[in-house]
Each structure stands twice: as structure tokens, then as C-alpha cells.
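Only one structure is covered here, and it is reproduced in the block below.
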Amino acid sequence: MSAIKQTSVPVFSDSVAAPFSGVSRLSARTLGFYLALGAALTFFALPIVWMAGIAFTPSGEYVSDSLSLLPAHPTLAHFEALWRDGFPGRLANTLIVAVGATLLALSLGFLASYALVRFRFPRRLDHAFLLLVLVIKMMPPIVVAIPLFQLLKGLGLLDSKLGLILVYQVYTLPFCIWMLLSFVRDVPLSLEQAASLEGAGLLRRLWHIVLPLCGPGLAATFIFTLIMAWNEFLFALLYLSTPSHFTLPLYVSNFITENETFWGQLMGIGLLSSLPMLLMAGYVQRYLLRGFAMQMK
Amino acid sequence: MASVTLQNLGKQYKNQTVLRDINLQVRDGEFLVLVGPSGCGKSTLLRMIAGLETVSGGDIRIGGRRVNQLDPVDRGIAMVFQSYALYPHMTVWGNMAFGLKMAGVARPEREQRIQQAVELLQLQALTQRKPAELSGGQRQRVAIGRAIVRKPEVFLFDEPLSNLDAKLRDQMRVQLSELHHRLGSTMIYVTHDQKEAMTMADRIVVMRNGVIEQVGTPLELYHQPANRFVAEFIGSPAMNFLPVRVAALNARSLSLELPWGQTMQTEASRFGPKTGMSGLKTDAQLALGVRAQGLVIDDSSDLRMQVDVVEELGNIAYVHGRIQTHRLIMETPCAPRAGTEVGVRLKPDMLHLFDEQGISLASQMERAHAA
């Protein structure tokens, strides 16, 4: 009994003291954490706030010497000008091309990565294919610009959305294949075997088992590919010629002229064109995080 | 329900032979256990029956029908995987319904079958849960339920209890045996655990290095092991082996010289040598096998065993000891103290003899009789 008493006292006093010291340590740590978080947030948010500020600032005001981020006399004039100038049409072009290119790349990439993971290829052709795909992804775009131009011309797809969607596959498809590869690999083979024992053929297994289990991976890949296609400039510049067919990155370049840079409109487009991406990223955020986590494994 | 027949079945991966010349008849309604150490080919054999592995040679017949080229779904089998292989994005109900949907079973019948399985396996409270929200034992039951609803002719189990803790494994073993009695289906069960094999099987198939070593009821395998491998593998604790020499031999008795010099007499008929039959001759070197239960404490015996470790299990104790340099394990109801020395006697009716190739002399006798 005495032994128990002797040991129980210090144990008890330790346990009483612990929460207080723990709290003080914790709050110091929390404070540090929030300070760091605030600093990081300011660093990343500043350009966006600045962009938003200028988008609402009257033309005369933003060239003044004032260091203020926010406008003294806010105005929607730049947005009205953009609206009249045909911004909605360009936004629609960009949406169609970016979403179209992304969905096409995602569908083909998913099937390709499934085949590469599950099927056996003779003489390691699968490895050779993956390497080839990577090489294409690493090439500077200008290298393939002329052959692609010839190809599009031959197909009669120059200056068209469909042409641009196909051309974007040069970049989006390798990205999708490589990114989805690890997600498909993570689907246990035994699940597919169980499904095939239950009568599910290849397509049903893909649809009912593999696709849902790759959901987070598909969401993450979707958003990255979409951003890639959304911001693409060079191919759009080379293969689109009619102004009404322009995508936003191309359209935005119109506002930098020899004589003047239209900062207000420029920032207005920047703000409007980044909004859909921000919304989309916010919506699929939880999938994105899981996607990142799986990629890091 | 259906019987399963394997004829000269073989499996090769490139240059490696995984299974050789497998001949086996699984009777209708039988609970057959394939047992053997890791890598012996038992799981491959099961997967070949399921249709998940191709057949390199020979035939598989289920219910008399040759199924070598049939897709898994057309073989009338259901399989429970070691990893359970439950679809993580579907609920318990969804997991059970999937196969029926694929088979085009109408909704009312589908629901009725699932409901029956849910009640049989006591999963009522869990039907809307996802597999991640279930314990290991519950997942196991869902996996079994998924097999049951399809009403297969043959159930295949691939080490289904190996991911469970010991206590749960004991419970599930009993539940699986009960399930077999209620359904009366043919079941083929793969395990590396000889205890599972002994307690559940109607018949056991012991495999090693891609061949069948012996097929028999649990008691046949326990009392009449065909060779040293089966004798060592079946039964717990493992059988003791001692090198012995045939000192004298006649039609009625066999005299064996134990490694520490003494000789012991035993009935020759137990081991079958009307001598010539097994080619047994005087001076032949044999291995004498005796289970822990075949050793008894007898203070009058001049075989003295040094007691090293005593494992008390309550009703019995396992005594690990040495006679000279030979290590032995003995089962006894009253345990001696470690560090002491006890007299030991070998029960003559519980002895097994194996020749230099490890073949049991008794089984050689049987084979000779059969011939």
C-alpha cells in the first residue's frame, strides 16, 4: 500500500500541472502559427487585392502617385466597357475550349492509365509509351507549333474551338495520364476481381468500381488540367485569327497597345477570368487535398 | 450445389511450375480445406477454380461441366477474399446488391435475398454503413453475405480469417462451420493455419511445393500421416522426431534402437513390414515420430528427460525438455517444475515411423495392400 501511495502523489501532481503548462505552450504556438498564416495570406492575397482594387478604380486615378490599394471613387466603368467590347463571348470561348479540352483529356487519360496499369504489354511497350508521353510534355510548345498548324490546316480546323481543343491535348493528355496513373494503381486488383466474379465486364468494372474510387484523383486532375487549358496563350495566339473566336488570354493582350496599357480593363479581365477558377477550386478543394495527399505517397 | 473435380491440373508461370499434377474430387456439399505453408500453391489452385488464373494443363469440372475456358461469372462460384474486397464506395446493402444487379436479378427478389442474408449474418443494423465504418469481423460477414446472396454452387474462401484477431477468428470459425451446415453447399477453403483446417474441414488437402501431399479427414491426417511433412504440419504442438535404427526385425515385432542406446520393442504389424513390403531391413535408419500426447511421465522409466520450459495452459501443460541432445515436447496434465528431471515413456500405440525419404512406413503398407 505504501508503495502505491508514494507513487500516486507525484503522478497526480504531474497530471494537475500538465494542463496549465500545456495551455501556455499551446497558446504561444497557436499565436506563432496564426502570425505565420497571416503573413503567408498577405503575401499571396496582395496581388489579388491590388488587381481587384485597380479593376474598380477610375482610369485617371490609378496612374496617380497614391499608394492606396483600394479606389477612392470606385467605378464599374471598366466592366461596362468590357461588356460592350464582347467579353462574354470570349469568356464563353474560353469555357468551351478549356472544359472541352479537359474533359477529353480526362476521359482518354483515364482509359489510357487504366490500360497501362492493368494490361500486360509485350516488350515493356507500356514503359516506352509513358516515356514518349513525358518527352512530348517536356518539349517547348514552339517546336510542335508548325507541324500542328499544318495538321489543323489539313483538317480544316484552324481558327476553330474544336481545333484548339485537339491541340491542347498535346499538353493536357500527358499530364492526365501521368497524374491518373497512380490513382488507378491504388485501386486494389482484388476489388476488380471480386466484381468480375460477380459478372461485371470490363466496362462495368470501369464505371462502377474504378471510376468512383478514382473520384478524388479525377477531381484533382480536372482542376489542374482546367487551369492549364484556361491560361494557355501560345497555341491560341497561333491558331486563332478571328477576334470573336479569341480566348481570354489572347483577348487580354489586346489591352496592351503601343500607345497605352488599359490597366483598368486588364485587371477587370484578370478578376473576372480568375473567378471561375477560384470557385471551381473552392468547390473541389477537399478532393484536391486528398489528391495531393495521394500524390505525395 | 455441385461437386468439383480437378484432373491432372497444372500451372506454370514461364519456367516456373507452381502446381503439378493435381487430382482431386471435392464431393457435393463437402467442406474441403486446402492447407499448406506459404507459397505451396493453395491460393493459386483456388484462384484457378475461380477462373482468376488460367489453367496450364489438365481439367477443372464443376458439377460435371468442364469450366477451364469459362469466365468466372459463368462457373457458379462465389469467392470470399483474404482482403474481403468490399467495394469501399458502396454501403453494405450496395455491396451485396452489386452482383445481383450485374446478374440482372429483379429488384423484389434481389431485396428478398439480401434481406435473408442480412438476417442470417446478423447485419441488420449495418446495412447503410460503408465498409470503412465496420470492424474486421463485420466486414468479413459482409463479404460472406455478398457470396451467399448469389446462391453459388461452390463457395471459395481464400484465407478469410487471417486478418482477424485470435478471439474473433475462433468465433468466426464456428460461425462458418454453422453456415456450412445450414447451407449445405460445397465449400473450398484455403488456409495456412492447421488449426482452422482441423476444426472446420470434412476433408483436408495438405499441399507442399505445388503438389498434394495427402488428402484425408482431419483424424486420418492426424493419426495416419502419409509422410513426415504432413506429420509435422498437422497437429499442435508439432510432432517430435528421433533418429532410430532397426535393431532387429521379424514378422511380429520390430526392435528399434533409440538414439541414446536403449532399444524398444513394438508390434511390426503397425508399420507393415512383413519386411520385404517396405524394403525394411535390419540396421535401416528411420525417423521415429511421436506426438506430445504420445509421451508420458513415468518415474519408473530409465529414459530421463531434463525439463527446460513448462507452458501451463490450465487443464494441460506443454513440457519442453531434452533427453541428452534431443529436444522433445510433451503434453501432460500435471506439469513438472522447470529444471527438474523426469522419467519418460513412449506410448507404443502412438508411434510413427518414417523412412529416409520421409515416407511413413504405415502408408507404404497401405499402398502395398492397395496394389
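Convention: sequence-line order gives letters A, B, ...; per-chain numbering from 1. Below, each value reflects all heavy atoms present in this structure, side chains not excepted, and no hydrogens, waters or symmetry copies.
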Distance under 6.0 Å and angle within 45° of ring axis: B/R146 vs B/Y87: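 Pair B/R146/B/Y87 counts as cation-pi.
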Winner by heavy-atom pair count (cut-off under 4.5 Å) against chain B, out of A/A195, A/G201, A/G215: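 Sorted descending by pairs with chain B, the first entry is A/A195.
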Residue among A/A194, A/G199, A/A200 with most heavy-atom pairs under 4.5 Å to chain B: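 Of the options given, most contacts go to A/A194.
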B/N95 side chain to B/A85 backbone, donor-acceptor under 3.5 Å: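 No, because the side chain of B/N95 does not come within donor-acceptor range (under 3.5 Å) of the backbone of B/A85.
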Interatomic spacing from NZ in B/K42 to CD1 in B/I22 - rounded to 0.5 Å: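 Result: 12.5 Å between the selected atoms.
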Structural part of B/L100 lying under 4.5 Å from a heavy atom of chain A: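 Interface part for B/L100: neither.
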Max heavy-atom pair count under 4.5 Å with chain A, selected residue of B/S83, B/A50, B/P88, B/A103: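 When all of B/S83, B/A50, B/P88, B/A103 are compared, B/P88 has the most.
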Pair B/T191, B/E159: side-chain N/O donor-acceptor within cut-off below 3.5 Å: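 There is no such pair between these side chains.
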